[in-house]
Amino acid sequence: MIDGFLALYIFMLAAFTGKEIIGRVPVILHTPLMSGSNFVHGIVLVGAMVALANAESPLAKAIGFIGVILGAGNAAGGYVVTERMLEMFKSSKPEKKG
Amino acid sequence: MDTQTMLVYVAKASYFLAAVLFILGIKRMSSPVTAKKGIVQAGIGMVIATLATFAITGGHNLPLIVIGIAIGVIPTWLWGKKVAMTDMPQMVALFNGMGGGSAAAIGAGELLKFTSGAETPPLATLALAVIGALIGSISMTGSVIAWAKLDGRMDKRFTFGGQQAVNFLVFAAAVVAGAAIVFWKLDTSLVVVFFLLALAFGILMTLPIGGADMPVVISLYNALTGLAVAFEGYVMQIEALIIAGTVVGAAGTFLTQLMAKAMNRPISNVLFSNFGGGGGATEIAGSQKAIEASDAASLLYLADKVVIVPGYGMAVAQAQHKIWELSQALIKAGKDVKFAIHPVAGRMPGHMNVLLAEAGVPYDLIYDMDDINPEFKTTDVAIVIGANDVVNPAAKTDKSSPIYGMPILDVVDAKQVIVIKRGKGTGFAGIENALFYADNTRMLYADGKEAANKLISELKAIEGGGGH
């Protein structure tokens with residue numbers, strides 16, 4: 001069991017991390033970044049898998065099953081579209097850095 | 001240590017690794033040089049976390065889990081692979097809605113378990129299960145409506161008298177139902193009513209929002225899904241969900257603010273006021289002056305510095321490849337060519353950059369609004385293709401205009417402006433554009449692709465000695 005205050009600390013630190021790591025993102029990457037972060041919350045799949053594994057009644061299984069499908073869709077779809085978008089970025093000066 | 005305990009340790013260590021990979025991945029995705037590595041890294045984290053989860057579920061309902069993953073992954077993967085770049089924003093909306101739905105489903109499952117009386121949850125767990133389910137449900141139905149609007153399946157804004165009041169009442173009812181579950185009675189029918197209200201609110205709050213504001217809304221729902229995942233992660237006691245969800249929630253909220261700022265519209269305005277209905281802007285005097293492709297080509301031939309301002313209309317006409325071809329011809333002729341992008345060009349910030357990148361335009365030719373605006377004064381020819389509201393000087397001069405105050409590209413400062421446009425209609429926000437009536441503006445009425453094609457051939461003709 002994660003203690004309530006410990007969870008609060010995790011929450012606070014993760015929130016600052018989230019804001020800091022994208023602090024200097026150029027406008028050209030806003031859409032891919034939104035798509036990428038959309039992929040990352042696809043981790044909800046893991047929670048849905050655990051919920052389905054613990055399900056006993058048919059109704060609980062049905063709800064867990066839907067959760068797994070939706071979570072897997074979020075993760076897979078989010079990855080594919082982000083990767084496709086990022087594949088296209090290239091510089092006109094490939095030799096120089098930047 | 002028995003095998004099961006060891007597996008749990010392995011899984012927990014894997015979640016830790018996944019959380020680190022997610023944070024590094026998002027960090028890398030915020031620079032064009034490392035972005036590609038970033039998504040791959042986050043992807044590895046996701047695979048590790050998913051595989052580790054099989055270890056701790058002990059094989060319960062294994063076939064269902066595997067089938068569920070297959071049903072979720074295969075169609076979205078195939079669809080995501082082949083969908084056009086112009087349709088990316090609605091795909092993001094749809095996948096985001098799925099994530100919100102998944103979080104809501106977890107919440108529903110947990111609440112159902114609690115109502116059966118098998119275990120009494122601590123107050124914090126129960127409250128977070130309810131809040132996560134509320135946010136997840138709103139994000140799911142809201143994202144689906146956003147997807148339908150962007151995909152052109154639902155063109156009109158849907159408004160009626162007293163809408164704000166109705167929306168508020170539905171939201172308040174959902175909150176009251178949620179509070180009743182937490183503090184009063186864990187009852188199945190109450191849980192059902194709670195979910196119906198939350199799902200309905202997601203639809204109701206998105207219906208009246210116009211297409212022009214959709215980017216901000218999708219970004220907001222993205223952040224909300226992150227939060228819902230974090231809350232349900234606490235309920236499920238899985239640290240990876242708490243960390244990844246919170247990081248996305250914070251990053252998404254920050255990104256939403258950046259976008260709203262770029263449009264000069266407070267988020268409260270986006271959500272609670274109507275936009276894009278025309279409004280009482282001042283009539284514009286003068287007329288639009290047309291130009292032929294051959295004359296436009298001569299203007300380009302004589303210019304030293306050319307700035308191209310693309311908008312979503314260019315992408316709709318699939319003209320980005322031709323525009324890049326035209327730019328290459330101009331660059332070859334020794335001209336200084338730059339692309340100017342408004343922060344909200346396209347359907348999402350950065351969307352236009354993706355579309356240009358797809359056509360092969362290197363990102364170092366592409367300039368942000370703040371960098372390019374001072375340069376318009378020294379620009380010989382500015383070509384506006386498919387952009388409208390983001391170049392409308394009324395945003396600076398006409399206080400009665402609905403877009404007054406929105407930062408714009410100062411295209412009107414260029415010596416000559418060529419606007420490529422199919423007809424005389426207004427833009428996405430339904431507002432007349434003062435730029436089109438300016439003295440230094442000439443209108444090239446044509447489909448974007450066709451116009452670019454003509455400009456290329458006329459330019460070649462001029463360079464080849466003018467005979468045609």
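Residue numbers start from 1 in every chain, and the chains themselves are labelled A, B, ... in the order their sequence lines are given, proteins ahead of strands.
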Any side-chain heavy-atom pair of A:Thr82 and B:Met29 under 4.5 Å: yes
Honestly, the part of B:Ser219 sitting under 4.5 Å from a heavy atom of chain A is both
Which atoms of B:Leu112 are under 4.5 Å from chain A, going by heavy atoms: the side chain, the backbone, both sets, or neither? side chain
Proximal component of A:Ala55, with respect to chain B [non-hydrogen, under 4.5 Å]: both
Heaviest contributor of heavy-atom pairs below 4.5 Å to chain B, chosen from A:Ile21, A:Asn38, A:Val40, A:Ile63, is A:Asn38
Side chain A:Arg84, main chain B:Met85, donor-acceptor under 3.5 Å: no
For a side-chain contact (heavy atoms from CB on, under 4.5 Å) check, start with the C-alpha distance between B:Thr246 and A:Phe16, then their side-chain angles and the critical distance, and finish with the verdict. CA-CA 9 Å; B:Thr246 309; A:Phe16 278 111; over 6 Å; no
Among the listed options B:Val248, B:Thr225, B:Asn222, the residue most often paired with chain A at heavy-atom distances under 4.5 Å: B:Asn222
Which atom of A:Val68 lies closest to which atom of B:Gly68, heavy atoms considered: CG1-C, 3.8 Å
What option among B:Leu94, B:Leu78, B:Leu24, B:Thr50 has the most heavy-atom pairs under 4.5 Å with chain A? B:Thr50
Pairs of heavy atoms under 4.5 Å with chain B: top-ranked of A:Thr17, A:Val50, A:Leu45: A:Val50
If one checks every heavy atom of A:Leu52 against chain B at 4.5 Å, the contacting part turns out to be both
Counting heavy-atom pairs closer than 4.5 Å to chain A, which one of B:Ile71, B:Leu355, B:Leu64, B:Ile243 comes out on top? B:Leu64
One should read off an interatomic distance between B:Ile39 CD1 and A:Leu33 CG, to the nearest 0.5 angstrom, of 10.0 Å
Nearest non-hydrogen partners of B:Gly99 and A:Asn74, listed with the distance: CA-OD1, 3.0 Å
Is there a side-chain contact between B:Val354 and A:Pro32 (heavy atoms, below 4.5 Å)? yes
Side chain, backbone, both or neither: which part of B:Tyr367 has a heavy atom under 4.5 Å from chain A? neither
Between B:Val83 and chain A, which part of the residue has a heavy atom less than 4.5 Å away: side chain, backbone, both or neither? both
Would you sort out whether B:Tyr15 and A:Val46 count as a side-chain contact (heavy atoms from CB on, under 4.5 Å), showing the intermediate values? CA-CA 10 Å; B:Tyr15 291 157; A:Val46 164; 3.3 Å; yes
Gap between atom OG1 of B:Thr34 and atom CG of A:Leu29 - 0.5 Å precision: 8.5 Å
Measuring from B:Asn61:CG to A:Lys61:NZ, what's the distance to the nearest 0.5 Å? 4.5 Å
Can you find a heavy atom in the side chain of B:Lys81 that is under 4.5 Å from one in the side chain of A:Glu83? yes
What's the spacing between B:Leu258 CG and A:Met34 CE if we round to 0.5 Å? 10.5 Å
Taking the side chain as every heavy atom from C-beta outward, state whether B:Ile67 and A:Phe65 have any pair of such atoms under 4.5 Å apart. yes
With chain A, the option among B:Glu110, B:Arg28, B:His60, B:Glu232 that has the most non-hydrogen atom pairs under 4.5 Å is B:His60
B:Leu227 versus chain A, heavy atoms under 4.5 Å apart: side chain, backbone, both or neither? side chain
Mark yes when over 12 heavy atoms from residues, nucleotides or ligands other than A:Glu56 sit less than 6.0 Å from its CD; otherwise mark no. no
Could you give the distance from OH (A:Tyr79) to CH2 (B:Trp77), rounded to the nearest 0.5 Å? 6.5 Å
In short, A:Ala72 meets B:Val73 closest at the heavy-atom pair CB-CG2, 3.8 Å
Could you check whether any side-chain N or O of A:Ser37 sits under 3.5 Å from a backbone N or O of B:Ile26, counting only pairs where one atom can act as donor and the other as acceptor? no
Under 4.5 Å from a heavy atom of chain A, the part of B:Ala42 involved: both
Before you tell me yes or no, could you show the steps for B:Tyr234 and A:Phe11 under side-chain contact (heavy atoms from CB on, under 4.5 Å), namely the whole-Å CA-CA distance, both residues' side-chain angles and the distance that decides it to 0.1 Å? CA-CA 10 Å; B:Tyr234 178 78; A:Phe11 194 76; over 6 Å; no
Only pairs of heavy atoms separated by less than 4.5 Å count here; which of B:Met236, B:Met46, B:Met140 has the most with chain A? B:Met46
Start with the C-alpha gap between A:His41 and B:Leu241, add the side-chain angles, then the distance that decides, and say whether side-chain contact (heavy atoms from CB on, under 4.5 Å) holds. CA-CA 8 Å; A:His41 66 52; B:Leu241 265 68; over 6 Å; no
Return the option, out of B:Asn96, B:Thr57, B:Ile56, B:Ile238, with the maximum number of heavy-atom pairs under 4.5 Å with chain A. B:Asn96
Backbone of A:Gly67 reached by a side-chain donor or acceptor of B:Ser102 within 3.5 Å: yes
Relative to chain A, which segment of B:Lys37 carries a heavy atom at a distance below 4.5 Å: side chain, backbone, both, or neither? neither
Can a side-chain donor-acceptor contact be found between B:Asn353 and A:Thr31 if the only test is distance below 3.5 angstrom? no
Measuring from atom CD1 of A:Ile22 to atom NZ of B:Lys27, what distance do you get when rounded to the nearest 0.5 angstrom? 10.5 Å
